[in-house]
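Written below as structure tokens is the structure these notes are about.
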Amino acid sequence: MNYPKRFSIGKMHQREKGIYQYDENCTILPQNKKTQYQIDYIQQGVQLQDVSLATFYLKNGLPYRGLMATQNIPANYLLVKVPRQLIISSQTAFESSQKAFFFKHREFFLDHEDGEEHAIIAFLIMNKREGLRSKYYRFVEQLPQDVNMLIFWSEEKLKLLQDENLIRKIHKKREEYEQTFLTFKKILNTTEEEFQWAYTNLYTRDFGHNLKYKSMVPFCEFFNHECVDVHITLLSEDDKQKQNEFNKRNYKSIKNQKNKRNQGFYADEELQSVQSSSDSDNSLDLDQDESDLDYFIADQIIEWTTSKELLDQTYEILRDYVLHQVVRYQQRSNRCVRNAAKKIINWKEDEDFDYFCINSQKTENFKKGSQVYFNYGRLSNRELLLRYGIALEKNKYDHVYFRIKTADLLKSGVSRIFQKQYLSIKLKYTEFPFDLLKLAKAIKESENQDCYDPQSVLNIINIQTELKGLTKSIQLLQEFKAEFKEDLSKGDLLLKDQRLDYDEYFALVYRLEKQRIIQHNIILLQLAKDILLEPEQLEYTSGSYESSQYQYTYRIILKKYLSQILKQ
């Protein structure tokens with residue numbers, strides 16, 4: 001198919017949320033009223049370029065801290081630069097005056113798989129107790145006192161998430177937390193209030209996945225997360241001058257340019273392909289005890305082939321499917337487990353950079369008065385909630401697990417002994433729901449026959465089979481969506497309820513976003529169905545389906561599926 005230039009889901013969501021646009025509600029202290037925290041760290045070499053601390057507000061008026069653009073910020077621009085010696089890391093803690101303490105309890109700090117985290121938690125508690133005598137007083141003083149991580153939510157609030165697997169994960173982490181706290185209470189006489197404060201601030205402000213050691217970076221902690229192209233850069237002393245010269249030249253050039261950009265729907269800066277490979281929950285497998293669709297279909301085919309005399313071609317399909325789908329999936333899962341293994345730290349290796357920087361990159365242009373965000377990574381709302389106690393509206397990297405009770409899937413004629421109670425299918429923004437369609441076709445094909453050729457499930461055989469599968473897929477998703485009590489169309493109004501606290505607000509966002517992804521996939525499937533009902537539409541791309549931003553983006557995601565239809 002000859003498709004025109006494409007938009008991404010991320011760009012579409014950025015437009016809808018007003019990312020990079022002036023925030024009329026934010027408040028900022030005048031430049032002559034900088035906090036002592038700002039003054040101290042700027043004197044020690046922290047550089048802020050056209051960003052300043054500000055207070056922003058959720059839709060219901062709850063305040064939170066962030067960084068605001070004090071000037072129009074161009075692409076490829078250094079925003080914050082922090083000298084390495086100001087970073088608080090597990091190495092900092094180990095080399096401090098408390099070094100003897102860490103050696104005394106080395107089984108908990110040096111030789112433990114979570115020793116880095118334990119060291120920073122102890123370091124924060126010790127420095128907080130020292131007060132003004134601490135070298136890190138200003139940093140410790142400005143850390144928030146409140147705790148909003150999921151492990152501290154009440155059971156009533158956890159129920160608001162409507163996610164049993166996530167709640168089970170939270171309970172497991174809570175047990176680990178309590179065991180760690182008991183050890184801290186024993187060796188450091190730590191109160192629960194102290195421990196919660198240090199624990200929360202470490203895990204919500206850790207930059208360690210970018211560095212050799214777990215680390216907390218002054219000022220950079222104020223960047224809130226969004227799906228933007230703003231990332232970390234590590235500079236050496238030699239790179240510093242080059243970066244400064246580049247920023248001055250780049251900023252001057254952009255300020256002097258006339259605005260020649262097309263402001264319409266097809267503006268060049270908005271063009272970007274759909275990133276279908278952007279998986280979000282790659283480090284948080286909450287549904288590992290449930291079945292994967294590939295295993296489910298493979299097991300069914302095995303049962304069918306052993307109970308019926310099928311053609312040799314069917315056995316070949318079975319062999320290829322198992323080898324290329326199931327085995328590959330298992331190998332990928334095993335690699336993830338190996339990569340997740342934690343290291344034992346000795347703090348002997350030094351970091352090989354001089355400045356920790358956060359830069360806007362490529363096409364990220366923040367307007368004066370907008371909030372300047374940082375990309376924490378490809379995190380779903382599940383991970384954001386578990387790590388930081390927050391959830392994002394219209395999160396490009398979000399997804400939903402559609403859980404189906406396996407006993408209700410197929411007619412008795414093709415029922416099977418199934419080891420696990422539920423089947424989980426992942427629904428995303430960025431990909432067509434092929435797994436759901438395969439399952440729906442299996443259900444439809446099993447309604448009138450005890451056995452059928454698995455080609456009808458695994459491959460595209462004819463339009464009528466696809467239409468049946470698409471219709472069943474839409475029905476399943478509509479039933480799934482009906483399980484939520486909120487009306488997605490009234491989401492903005494619900495989020496403006498000033499009676500909601502932070503936890504209730506983000507739990508509501510989490511539920512609404514599940515519905516949004518379900519609705520997104522329903523529209524995708526319905527659009528595919530409409531196109532198949534009028535096959536001539538497969539041959540062109542201009543028409544009613546490109547009449548809106550949503551439908552155009554959907555059509556791009558449909559490309560892979562429609563291309564397969566055309567081949568038949």
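Reckoned from all heavy atoms, side chains included, excluding hydrogens, waters and symmetry mates.
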### Message
Tell me whether the rings of Phe195 and Tyr177 are parallel (<30°), tilted (30 to 60°) or perpendicular (>60°).
### Response
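If you compare the ring of Phe195 with that of Tyr177, the planes turn out tilted.
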### Task
For the pair His118 and His112, name the ring-plane relationship: parallel under 30°, tilted 30 to 60°, perpendicular over 60°.
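Tilted.
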### Criterion side chain to side chain contact (heavy atoms under 4.5 Å, CB included) on Phe139 and Asn127, from CA distance to verdict
CA-CA 10 Å; Phe139 180 83; Asn127 279 273; over 6 Å; no
### Query
Atom CD1 in Ile390, atom CG in Leu385: separation rounded to 0.5 Å?
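These two atoms lie 8.0 Å from each other.
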Nearest non-hydrogen partners of [X] and [Y], listed with the distance:
| X | Y | result |
| --- | --- | --- |
| Ala507 | Leu160 | CB-CB, 3.8 Å |
| Pro74 | Ser360 | O-OG, 3.1 Å |
| Pro218 | Tyr41 | CG-CE2, 3.5 Å |
| Phe374 | Val230 | CD1-O, 3.4 Å |
| Ile9 | His520 | CD1-CE1, 3.8 Å |
| Phe123 | Tyr136 | CZ-CE1, 3.4 Å |

### Query
Stepwise, does the ring-ring contact (aromatic ring centres under 6.0 Å, His included) test hold for Phe181 with Tyr199?
CA-CA 9 Å; Phe181 167 62; Tyr199 184 95; over 10 Å; no
### Task
Just jot down the salt bridge (charged side-chain N to carboxylate O under 4.0 Å, His left out) partners of Glu155, sequence neighbours excluded, or say none.
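Arg174.
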#### Entry: Whether Glu116 side chain and Lys214 backbone form a donor-acceptor pair below 3.5 Å
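At least one qualifying donor-acceptor pair exists.
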### Message
Taking Leu78's backbone N and O only, do any of them form a donor-acceptor pair with Gln49's side chain (distance below 3.5 Å, no angle check)?
### Response
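Confirmed, Gln49 side chain pairs with Leu78 backbone.
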Ion pair present between [X] and [Y], side-chain N to carboxylate O less than 4.0 angstrom?
| X | Y | value |
| --- | --- | --- |
| Glu141 | Arg138 | yes |
| Arg516 | Asp398 | no |
| Arg129 | Glu194 | yes |

### Passing candidate, salt bridge (charged side-chain N to carboxylate O under 4.0 Å, His left out) with Glu393, options Lys514, Arg511, Lys59, Lys17
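For Glu393, the salt bridge (charged side-chain N to carboxylate O under 4.0 Å, His left out) check succeeds only for Lys59.
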Scan side-chain atoms only and decide if [X] and [Y] contain a donor-acceptor pair under the 3.5 Å cut-off.
| X | Y | answer |
| --- | --- | --- |
| Glu24 | Tyr22 | no |
| Thr183 | Thr180 | no |
| Ser96 | Gln98 | yes |
| Glu513 | Asn395 | no |
| Tyr502 | Asp146 | no |
| Tyr355 | Glu237 | yes |

### Query
Below 6.0 angstrom between ring centroids: does that apply to Phe219 and Tyr37?
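Here the rings of Tyr37 and Phe219 have centres that are less than 6.0 Å from each other.
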### Task
Please lay out, stage by stage, how Trp153 and Leu161 fare under the test side chain to side chain contact (heavy atoms under 4.5 Å, CB included).
CA-CA 11 Å; Trp153 284 25; Leu161 298 172; 3.9 Å; yes
### ring pair (Phe, Tyr, Trp, His ring centres under 6.0 Å) partners for Phe103, two or more places apart
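For Phe103, the residues satisfying ring pair (Phe, Tyr, Trp, His ring centres under 6.0 Å) (neighbours in sequence not counted) are Phe94.
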### Query
By side chain to side chain contact (heavy atoms under 4.5 Å, CB included), which residues pair with Gln43, not counting sequence neighbours?
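If we apply the side chain to side chain contact (heavy atoms under 4.5 Å, CB included) test to Gln43, skipping adjacent residues, the hits are Ile39, Asp40.
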